[in-house]
Each structure stands twice: as C-alpha cells, then as structure tokens.
Amino acid sequence: MLIDTHSHLFLEEFVEDLPEVIERARQAGVTSVFMPNIDRTTIEPMLTVCDAYPNYCYPMIGLHPTSVGESYEEELAVVRQYLDTNPHRFIAIGEIGIDLYWDKTFLNEQLIAFERQIEWALEFQLPIVIHTRDAFDSVCQVLEPYKGTSLTGVFHSFTGTEEEAARLLEFDGFVLGVNGVVTFKKSTLPQALKSVPLQRIVLETDSPYLTPAPNRGKRNESARVSDTLNKVAEIYELPRGQVSAITSENALRIFKIPQ
C-alpha cells in the first residue's frame, strides 16, 4: 500500500493528461488518492474525477481558509448541503483551517468557518484535514477545547519544529501530513521528524504543488509521493516497504476506510 492523502488532481493543471497522471501513480505503487476540496467551484470537478476512478480517488468536502471571504456563509451553506444530502460520499471534512500568509482581513471569518466545520465533523463523525499557514498558535487555540472528544484528523503539510510537532501530537487521534518539503535541501523537517513516531505520520503530495526533489520546479502529481516515501524511510532508517505499510495503515485508520 502507498496512499497519497492529499492531492488536488481535479484542478485545471491536470485537465489535459489526467488518465496518464493516474496511470503513473498506479505504476509508482500508489493504491489510493485522497482529495481535499477547496470551495464550491471545485466540488463538481473533484467528484467527477472521483466518479471516474472509484475506489481509487476519494473526495473530501470543506471550505479552504484562503477561500473564506465576504461570501463565506454562502460557501459554507454549499458544504452543508452536500453533507446533508450524502454524508457517506466524503471521507473527511477538508481542507479547513486558518491561513494568514497572504491576508489577515478575514481572520474572524476564517475562525468562524473553521470552528463550524469542526462541529460538522463531530456531527457526521468525519475526520478533518487542517491547513495552517502563519497561524500555528491560532489553530491550536481553536482545537484546544476539542481535546478529549472524538475529533480526529490530519495536520496537512507539517513543516514545523520538534517543539511544534510535540504540541500537535498532544491532540490524540491526529497525525502529521508529510509531503515533498521533507526532501528540500534546506528543510529542517528531517530533524523534527526524528521525535515523531511513524504511527503518527501520513504521506501526501499536495499536487500540483510542493514537488519533491529531484523534480522541484515541475508540476507535482501523486506518483511523486514515492519520492517522499524514500526520504521518510531514510529518516527513520527503515525499509521502504515497512514505512509505506505503516503510513498507509495510519491513513486508513484516520479516514475510516476498510482495508
């Protein structure tokens, strides 16, 4: 097993050659691809891809923090409608969270959207996939009251320190999403991961972004999760197959997908 737990193969970057992208993923040993939503404009493209590749591509539903703006209530209403109509269609609520990298204008709205979608995750018994950028403390503060609840999920694209990893691992039922950043020459992530049990990690690409070495600068795709796997196996000094099996089992457990 080898699971890409975070990939946006439904975006326009893949319109021209999606069948080839899927085939390369299969050839690389990828057994499943999990797809986080962005906003209401991406739901139908995402579901179309998942319908075309059933039991291979799995959809999530949620509102990305960078899509939170003046009309965020309308966006959230669309997410809620999909949940009410067919909650079993989705494996998680995501990606959701807080992003203050580009703009802090809608911080309050981002907080409201984040908390509301967390409540929906508990209501529908779905895990969450958390996006955080320049907002580590804010995300932790929002999550703090949910310690001890049934809330589970993934801290997507973890790139932090050993101390930040330790803080996130205090949230039982959560794992860290590791992607191509771990392969970057100046990344400090390899050192940080040495304090993280492999049972608390899942692998991801964030395609078409964050392409791992040795292909940085090119479009990322799910097949390249194999490059991230190689680096993680090197960090943990374990056989590639063992790391693939453990991280994939972690993903299946969090996303409640039967083997």
Side-chain angles (χ1 to χ4, degrees), residues 3-11 32-51 57-102 106-133 135 138-140 142-143 146 149-158 168 171 173-177 179 202 204-209 251 254-257:
I3 299 176
D4 179 2
T5 62
H6 199 108
S7 187
H8 302 285
L9 297 185
F10 50 85
L11 295 180
S32 299
V33 178
F34 299 168
M35 297 190 175
N37 187 51
I38 299 171
D39 54 36
R40 60 181 160 182
T41 68
T42 55
I43 298 173
E44 286 306 316
M46 176 184 65
L47 292 178
T48 298
V49 170
C50 291
D51 287 342
C57 295
Y58 295 84
M60 309 179 204
I61 190 73
L63 177 61
H64 192 291
T66 59
S67 292
V68 172
E70 292 178 357
S71 61
Y72 80 101
E73 287 285 6
E74 295 170 27
E75 290 279 356
L76 287 174
V78 173
V79 172
R80 181 70 202 204
Q81 184 178 12
Y82 274 92
L83 282 170
D84 285 335
T85 303
N86 191 0
H88 302 296
R89 182 77 175 87
F90 304 101
I91 62 168
I93 292 183
E95 63 192 277
I96 65 177
I98 305 173
D99 189 318
L100 303 179
Y101 180 77
W102 298 107
F106 294 103
L107 171 58
N108 190 53
E109 290 82 357
Q110 286 191 38
L111 289 167
I112 293 169
F114 188 24
E115 291 191 46
R116 192 174 305 171
Q117 291 178 100
I118 290 172
E119 292 294 336
W120 291 347
L122 288 169
E123 178 183 349
F124 289 97
Q125 297 185 305
L126 290 169
I128 59 175
V129 171
I130 299 175
H131 171 108
T132 177
R133 197 172 187 194
S138 296
V139 164
C140 288
V142 170
L143 291 175
Y146 296 96
T149 70
S150 61
L151 190 67
T152 63
V154 178
F155 291 103
H156 153 60
S157 193
F158 176 72
L168 295 182
F171 296 97
F174 277 81
V175 295
L176 309 183
N179 54 38
V202 295
E204 56 178 44
T205 60
D206 202 16
S207 301
Y209 316 111
I254 291 292
F255 290 94
K256 301 175 185 174
I257 295 174

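Side-chain atoms are counted along with the backbone in the values below, which use heavy atoms only and exclude waters and symmetry mates.
Looking at heavy atoms from C-beta onward, Leu151 lies in side-chain contact with Leu143 at the 4.5 angstrom threshold. Contact check for Cys140 versus Leu168: side-chain heavy atoms found under the 4.5 Å cut-off. At a threshold of 4.5 Å between non-hydrogen side-chain atoms, the residues Cys50 and Met35 count as touching. At least one side-chain heavy atom of His8 sits under 4.5 Å from a side-chain heavy atom of Pro208. The closest side-chain heavy-atom distance from Glu44 to Leu47 is below 4.5 Å. By the 4.5 Å heavy-atom criterion applied to side chains, Pro59 and Asn37 are not counted as neighbours. Counting only heavy atoms from C-beta outward, the side chains of Val68 and Glu75 never approach each other to under 4.5 Å. Within the 4.5 Å cutoff, the side chain of Ile61 has heavy atoms near those of the Leu83 side chain.
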Tell me, with the steps shown, if Tyr58 and Phe255 meet ring pair (Phe, Tyr, Trp, His ring centres under 6.0 Å). CA-CA 10 Å; Tyr58 295 84; Phe255 290 94; 9.3 Å; no
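The distance from atom CZ of Arg80 to atom CD of Glu73, rounded to the nearest 0.5 Å, is 13.0 Å. If you take CD1 on Ile128 and CD1 on Ile93, they are separated by 8.5 Å, rounding to the nearest 0.5 Å.
With sequence neighbours left out, Glu70 forms a salt bridge (Lys or Arg N to Asp or Glu O under 4.0 Å) with no residue at all. Glu109 meets the salt bridge (Lys or Arg N to Asp or Glu O under 4.0 Å) test with no other residue; sequence neighbours excluded.
Residues Ala92 and Val129 come closest through the heavy atom pair CB-CG2, 4.4 Å. Nearest approach of Pro127 to Ile254, heavy atoms of both residues: CG-O, 3.4 Å.
Each of Ile112, Leu100, Asp99 was checked for a side-chain contact (heavy atoms from CB on, under 4.5 Å) with Leu107, and the lone residue meeting it is Leu100. Screening His6, Glu204, Met46 for a side-chain contact (heavy atoms from CB on, under 4.5 Å) involving Pro36 leaves a single residue, His6.
Sorted by first and then second residue, the ring-ring contact (aromatic ring centres under 6.0 Å, His included) pairs with a member in residues 60-102 read His64-His131; sequence neighbours excluded.
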